[in-house]
Amino acid sequence: MDLRFDGKVAIVTGAGSGIGAAIARDLAASGAKVVVQDLDLDKAKEVVAEIEAKGGKATAANGDVSDPDKVAALVRNAVGWGDGLHLLVNNAGIGGPLAPVGEYPLDGWKKVIDVNLNGVFYGMRFAIPAMKEGGAIVNMASILGSVGFAGASAYVAAKHALLGLTKVAAIEYAAKGIRVNAVGPAFIETPLLSALPPDAKAGLVAVHPIGRLGTPEEVSALTLFLLSDRASFITGSYHLVDGGYTAQ
Ligand code: NAP
């Protein structure tokens with residue numbers, strides 16, 4: 001299936017690394033003009049350079065998605081750069097501290113909720129009014145949007161809440177031709193997992209029935225389908241890409 005996004009403008013947050021970078025590369029290779037947003041401007045610029053080297057169109061933007069003023073400016077600049085806005089991938093996210101609820105660091109809780117939940121709200125809050133009919137949004141959740149994981153209360157709470165937010169936005173904007181969905185990856189080989197000790201990573205492989213971790217490209221493939229017109233009857237739902245993790 002050939003998914004095309006010619007003439008469409010996309011914002012992908014946290015696109016300087018991992019899953020977001022794969023989505024930005026794939027969208028650009030499929031004809032979209034992509035705003036590659038990241039906390040780290042240099043990383044965003046590297047992804048833009050890769051896209052341009054292959055003949056794609058992209059621009060780099062930085063800023064913290066947990067800062068509403070930065071997100072508002074991101075959307076404004078994207079609309080000016082690309083002549084409109086059609087696609088948004090709220091992908092930026094952090095793992096946060098690992099500790100039981102009774103010992104969870106208070107500042108870590110606030111930070112994870114700020115980036116992984118509030119950041120997604122700000123993305124939709126400012127992008128939706130700027131979007132054209134036929135717009136589509138993907139919010140990057142996780143398998144931890146539907147199951148728990150000891151030690152990761154803030155992350156799990158944020159990803160569960162993100163699914164509720166996705167459903168409400170989908171209902172509110174369906175009649176305006178804007179679709180909103182969530183994607184739930186299992187453990188994917190990206191720098192996000194580098195915080196885990198090596199033995200923990202081997203343990204994670206073992207709990208995926210498919211026998212390995214996922215790749216950013218596998219998450220990107222599902223995301224692009226949901227953003228595309230091929231998914232025209234899909235909104236308000238949560239789509240797993242998890243190697244069988246949650247089937248157990
Ligand atoms: P990643 O490789 O660490 O990429 C995330 C990117 O987001 C990084 O470039 C990071 O920049 C950026 N970022 C962090 N905080 C930000 C902020 N406040 N504003 C803007 N950008 C920010 O992680 P990933 O694995 O690709 O994760 C992408 C998304 O997938 C996240 O939402 C994550 O929760 C979700 N996910 C990941 C996995 C997994 O196993 N990898 C599984 C399920 C879901 P810096 O590095 O400069 O901080």
Side-chain angles (χ1 to χ4, degrees), residues 11-26 35-48 60-75 88-96 98 108 110-123 126 137-149 152 154-163 165-166 182-196 200-201 203-205 207-208 210 212-220 222-223 238-243 245-246:
I11 295 174
V12 184
T13 66
S17 171
I19 294 168
I23 294 169
R25 283 193 289 262
D26 287 348
V35 179
V36 178
Q37 191 276 355
D38 203 275
L39 203 51
D40 182 336
L41 185 61
D42 289 339
K43 281 171 29 183
K45 282 182 175 169
E46 277 174 37
V47 174
V48 168
N62 72 333
D64 184 340
V65 295
S66 69
D67 178 340
D69 292 340
K70 290 275 161 48
V71 179
L74 169 70
V75 169
L88 169 68
V89 183
N90 281 311
N91 167 80
I94 55 173
L98 285 173
K110 189 173 180 316
K111 174 91 179 150
V112 172
I113 299 295
D114 263 354
V115 176
N116 291 8
L117 178 59
N118 295 345
V120 174
F121 167 66
Y122 299 142
F126 296 108
I137 298 171
V138 166
N139 294 325
M140 197 54 65
S142 164
I143 46 170
L144 304 185
S146 62
V147 297
F149 193 82
Y155 187 91
V156 169
K159 295 297 187 182
H160 273 67
L162 189 157
L163 298 187
L165 179 59
T166 298
V183 162
F187 290 88
I188 309 297
E189 286 279 7
T190 74
L192 192 79
L193 298 192
S194 59
L196 297 171
K201 210 162 152 187
L204 285 179
V205 168
V207 292
H208 292 73
I210 225 162
R212 61 174 175 84
L213 304 186
T215 67
E217 290 70 28
E218 288 171 320
V219 180
S220 175
L222 173 59
T223 304
Y238 167 54
H239 304 267
L240 294 162
V241 46
D242 75 349
Y245 186 109
T246 55

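Only a predicted model underlies this, so the values are computations on that prediction, with no experimental measurement involved. Atoms within a ligand are numbered from 1 in the order they appear, just like the ligands themselves.
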Q) So, for P185 and M140, which heavy atoms are closest and what is the spacing to 0.1 Å? A) CG-SD, 3.8 Å

Q. By number and element, which atoms of ligand 1 are closer than 4.0 Å to a non-hydrogen atom of I94?
A. 14 (C), 15 (N)

Q. Is there a nitrogen or oxygen of K43 sitting under 3.5 Å from a nitrogen or oxygen of ligand 1?
A. yes

Q) Which heavy atom of the protein is the closest neighbour of atom 32 (O) of ligand 1, given with residue, atom name and distance? A) N91 O, 2.7 Å

Q) Under 4.0 angstrom from ligand 1, any heavy atom of A141? A) yes

Q. If you take all heavy atoms of I188 and T215, which pair is closest and at what distance?
A. CG2-C, 3.5 Å

Q | Enumerated ligand 1 atoms positioned under 4.0 Å from heavy atoms of F187 | A | 40 (O)

Q: Identify the heavy atoms of H208 and A186 that sit nearest to each other, and give their distance.
A: NE2-CB, 3.3 Å

Q: Classify the contact between L213 and ligand 1 as side chain, backbone, both or neither, using a heavy-atom distance cut-off of under 4.0 Å.
A: neither

Q) D64 heavy atoms, cut-off 4.0 Å: which ligand 1 atoms fall inside? A) 17 (C), 18 (N), 19 (N)

Q. Among protein heavy atoms, which sits nearest to atom 6 (C) of ligand 1, and what does the distance come to when rounded to 0.1 Å?
A. G14 O, 3.4 Å

Q. Heavy atoms, side chains only, cut-off 4.5 Å: are V115 and V65 in contact?
A. yes

Q. What is the nearest protein non-hydrogen atom to atom 11 (O) of ligand 1, stated with its residue, atom name and distance?
A. D38 OD1, 3.1 Å

Q. Would you say P191 contacts ligand 1, with heavy atoms under 4.0 Å as the rule?
A. yes

Q: Please state whether the rings of F149 and F187 are parallel, tilted or perpendicular, taking 30° and 60° as the class boundaries.
A: tilted

Q. Atoms of ligand 1 less than 4.0 Å from G63 heavy atoms?
A. 19 (N), 20 (C)

(Q) Any nitrogen or oxygen of V65 lying under 3.5 Å from a nitrogen or oxygen in ligand 1? Just yes or no. (A) yes

Q) Below 4.5 Å, heavy atoms only, C-beta onward: do P68 and F121 meet side chain to side chain? A) no

Q: Tell me, with the steps shown, if N139 and L165 meet side chain to side chain contact (heavy atoms under 4.5 Å, CB included).
A: CA-CA 9 Å; N139 294 325; L165 179 59; 5.5 Å; no

Q) Looking at side-chain heavy atoms only, is the closest gap between L74 and V35 below 4.5 Å? A) yes

Q) Among the heavy atoms of K159, does any lie under 4.0 Å from an atom of ligand 1? A) yes

**Q.** atom 24 (P) of ligand 1: nearest protein contact (heavy atom, Å)
**A.** T190 OG1, 3.5 Å

Q) Can you find a heavy atom in the side chain of V156 that is under 4.5 Å from one in the side chain of H160? A) yes

Q) Going from NZ on K201 to CG on L213, what distance comes out if it is rounded to the nearest 0.5 angstrom? A) 6.5 Å

(Q) Which heavy atom of G123 sits nearest to which heavy atom of N90, and what is that distance? (A) CA-OD1, 3.6 Å

Q | Per atom 38 (C) of ligand 1, closest listed option by heavy atom (G16, S142, A186) | A | A186

Q: Do me a favour and list the nearest non-hydrogen protein atom to atom 2 (O) of ligand 1 with residue, atom name and distance?
A: S17 OG, 2.6 Å

Q: Among all protein heavy atoms, pick out the one at the shortest distance from atom 43 (C) of ligand 1; state its residue, atom name and that distance to 0.1 Å.
A: P185 O, 3.3 Å

Q.
Could you tell me, atom by atom, which parts of ligand 1 come under 4.0 Å of a heavy atom of G18?
A. 2 (O), 26 (O)

Q.
For atom 40 (O) of ligand 1, what is the closest protein heavy atom, and at what distance to 0.1 Å?
A. I188 N, 2.8 Å

Q. So which heavy atom in the protein is nearest atom 36 (N) of ligand 1, and how far is it from that ligand atom?
A. Y155 OH, 3.5 Å

Q.
Quick check on contacts: which atoms of ligand 1 are under 4.0 angstrom from a heavy atom of I19?
A. 26 (O), 30 (O), 37 (C)

Q) Distance from D242 atom CG to S142 atom OG, nearest 0.5 Å? A) 9.5 Å

(Q) How long is the straight-line distance from CD of E217 back to CG of D26, given to the nearest 0.5 Å? (A) 7.0 Å

Q | Polar proximity ligand 1 side, D40 side, N/O cut 3.5 Å exclusive | A | no

